[in-house]
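Accompanying notes for the structure given below.
In each ligand, atom 1 is the first atom listed, and ligand 1 is the first ligand listed. Small disclaimer: the values here were computed from a predicted structure and weren't measured.
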Amino acid sequence: MLNQLESSQASAYPEIIQGGMGAGVSNWRLARAVAERGQLGVVSGTALDTVLIRRLQDGDPGGHMRRALAAFPYPALAQAVLEAWFIEGGRASDAPYKLKPMPSAEMLREDEALLIVANFVEVYLAKAGHDGMVGINLLEKIQLPTLPSLFGAMLAGVDVVIMGGGIPLGIPGALDRMAQLEPVEMRLNVVTSDRTKIYTTSFHPGTHVSASQAQLKRPLFFAVIASDILAKTLVKKANGAVNGFIIEHHNAGGHNAPPRRGDAYGERDVCAVEKVAELGLPFWLAGGCASPEGLAAARAAGAIGVQVGTAFACCEESGITETIKAEIIQRHRAGTLEVITDFQASPTGYPFKRVEVEANAGRDACRACDLGYLRTVYAKEDGTLGYRCPAGPRKPFLSKGGTPEEAEGKHCLCNGLLATIGMGQIRRGTAVQPLVTWGEDMRFLNPILGQERTSYAAGEVIDYLLGLK
Ligand SMILES: Cc1cc2nc3c(=O)[nH]c(=O)nc-3n(C[C@H](O)[C@H](O)[C@H](O)COP(=O)(O)O)c2cc1C
């Protein structure tokens, strides 16, 4: 059935994928604007539970969250979320956001339900009013929220799941099983001295939906890769069908695959595209491909098309605050925009691209851990699980077995990225500073925007890429 779907869709795959950008940068508005134009719009699934409850605490301007909650097929679950988090008129602007419990292996039923509802909401809104394709992007490194998040997205009929930031061997099979409403188990990465012990996290759709729930569509699964070896490993060893690849160059925004040697990229870090092509699955090229020439080159290399991030991150529909977008455009024009590949910043240990902006100049990186998406799971001596983040407060991190070297230069991505979309936590009366991730290639800007204008819409990126502008 899946093969049929693949072959019948092969020619109908969109040429352009708007890359998933967390947290909340590729939101439902951006994904919908892209999908409406017949290309693949992708919402970021990262931290969507927190994004939803912060939108609700901000009073849900425009009523979109409430509209989507009203469409959730299990009203009691949606109602519970609304009652717990919605603030009519919004919280006071200097009031801190109320927090949900951090992700853990022993997630409560209501925390799972919040993830399901939040992912449903984002995909539902992105899919509303057109019949284009919508995908969801998740990071393999963030494991604990993954299964309920995917299930929520599937309840909204998500068409594609895209995962990067690791080796998602257990996801294709999980999609197969969840589509049948069967329980799923996924292997957890746990730091432990006992290498024989296997840790898992599990999810049972039946805990949340009724026995009469119809089976769900199994979305296509695309993996983000930077090497043909990883592509082959996934095809051979994943527990279900991988349906395509995004081959990402290390100039892309967000996290990058680590270089093979040391902390500098070389020729060996450029993926052998022809070897991925030999696998016979559809693929897209990403990273510095945002031009008609980039698209043509990708197609000449056998790709269906390109995945583009930065050009969409900068457009009107993206979740990044207007102030930050305007500053980035202005800095680019002035020649002062510096994109740094930071090998230390991310708690994941992966290289992370970031830019300095006014709002985070000269202030200390925040060291509080209250969102916890990027915490490392470790086995304590008694065999139970503990959680630590190298970007969190130092003392507890070290007392939980972390090392000073691991903590060096770390940034709190969770809080910093939420501040970038205007949802920064208030601590002692001050908003947490943003942390902005960005791609190296900005050559798209001048052809799309010219010298006079200060902003552009997602549709203009598509027109430019397709040579229509
Ligand atoms: C602001 C921003 C956030 C990103 N976040 C993610 C993410 O959460 N997950 C992911 O797989 N890729 C992420 N990416 C990478 C994009 O999906 C895309 O592959 C990449 O940006 C393509 O390169 P380009 O920026 O040169 O177009 C991000 C990129 C940007 C610019």
Looking at [Y], is its backbone amide N or carbonyl O close enough to the side chain of [X] to form a donor-acceptor pair, meaning the two atoms are under 3.5 Å apart?
X: Trp284; Y: Pro14; result: yes
X: Thr437; Y: Gly254; result: yes
X: Gln425; Y: Tyr97; result: yes
X: Asn239; Y: Gly173; result: yes

Please classify the [X] to ligand 1 contact at 4.0 Å (heavy-atom distances, strictly less than): side chain, backbone, both or neither.
X: Ile162; answer: neither
X: Asn137; answer: side chain
X: Ala252; answer: both
X: His255; answer: neither

Inset, instruction - Measure the NZ-CG distance between Lys237 and Leu169 for me, rounded to the nearest 0.5 Å. - result: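 One gets 8.0 Å once the value is rounded to the nearest 0.5 Å.
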Students should be able to answer this: which protein heavy-atom is nearest to [atom], and at what distance?
atom: atom 21 (O) of ligand 1; result: Gly309 CA, 3.2 Å
atom: atom 8 (O) of ligand 1; result: Gly22 N, 3.0 Å
atom: atom 3 (C) of ligand 1; result: Met21 CB, 3.4 Å
atom: atom 31 (C) of ligand 1; result: Thr310 OG1, 3.6 Å
atom: atom 17 (O) of ligand 1; result: Gly20 O, 2.9 Å
atom: atom 19 (O) of ligand 1; result: Glu248 OE2, 2.6 Å
atom: atom 26 (O) of ligand 1; result: Gly288 N, 2.8 Å

Among side-chain atoms of [X] and [Y], is any donor-acceptor pair under 3.5 angstrom?
X: Ser202; Y: Glu185; answer: no
X: Asn251; Y: Asn256; answer: no
X: Ser346; Y: His411; answer: no

Contact with ligand 1 for [X], non-hydrogen, under 4.0 angstrom:
X: Ala290; value: no
X: Ala311; value: no
X: Gly287; value: yes

Legend entry - Winner among Gly253, Gly19, Gly439 once heavy atoms are compared against atom 15 (C) of ligand 1: Gly253
Legend entry - Tyr378 and Tyr387 aromatic centres sub-6.0 Å: no
Inset, instruction - Tell me whether the centres of the aromatic rings in Phe203 and His208 are closer together than 6.0 Å. - result: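 They qualify: ring centres under 6.0 Å apart.
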Legend entry - Over 12 foreign heavy atoms within 6.0 Å of CZ, Arg187: no
Inset, instruction - Please say whether Gln307 places an N or O atom under 3.5 Å from an N or O atom belonging to ligand 1. - result: yes
Legend entry - Under 3.5 Å: N/O of Ala286 near N/O of ligand 1: no
Inset, instruction - Mark up the atoms of ligand 1 that fall under 4.0 Å of a heavy atom belonging to Thr437, in ascending order. - result: 1 (C), 2 (C), 3 (C)
Legend entry - Under 4.0 Å to a heavy atom of Leu139 - the qualifying atoms of ligand 1, by number: 9 (N)
Inset, instruction - Mind telling me whether Trp28 and His64 have parallel, tilted or perpendicular rings, with 30° and 60° as the class edges? - result: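 His64 vs Trp28 ring planes: tilted.
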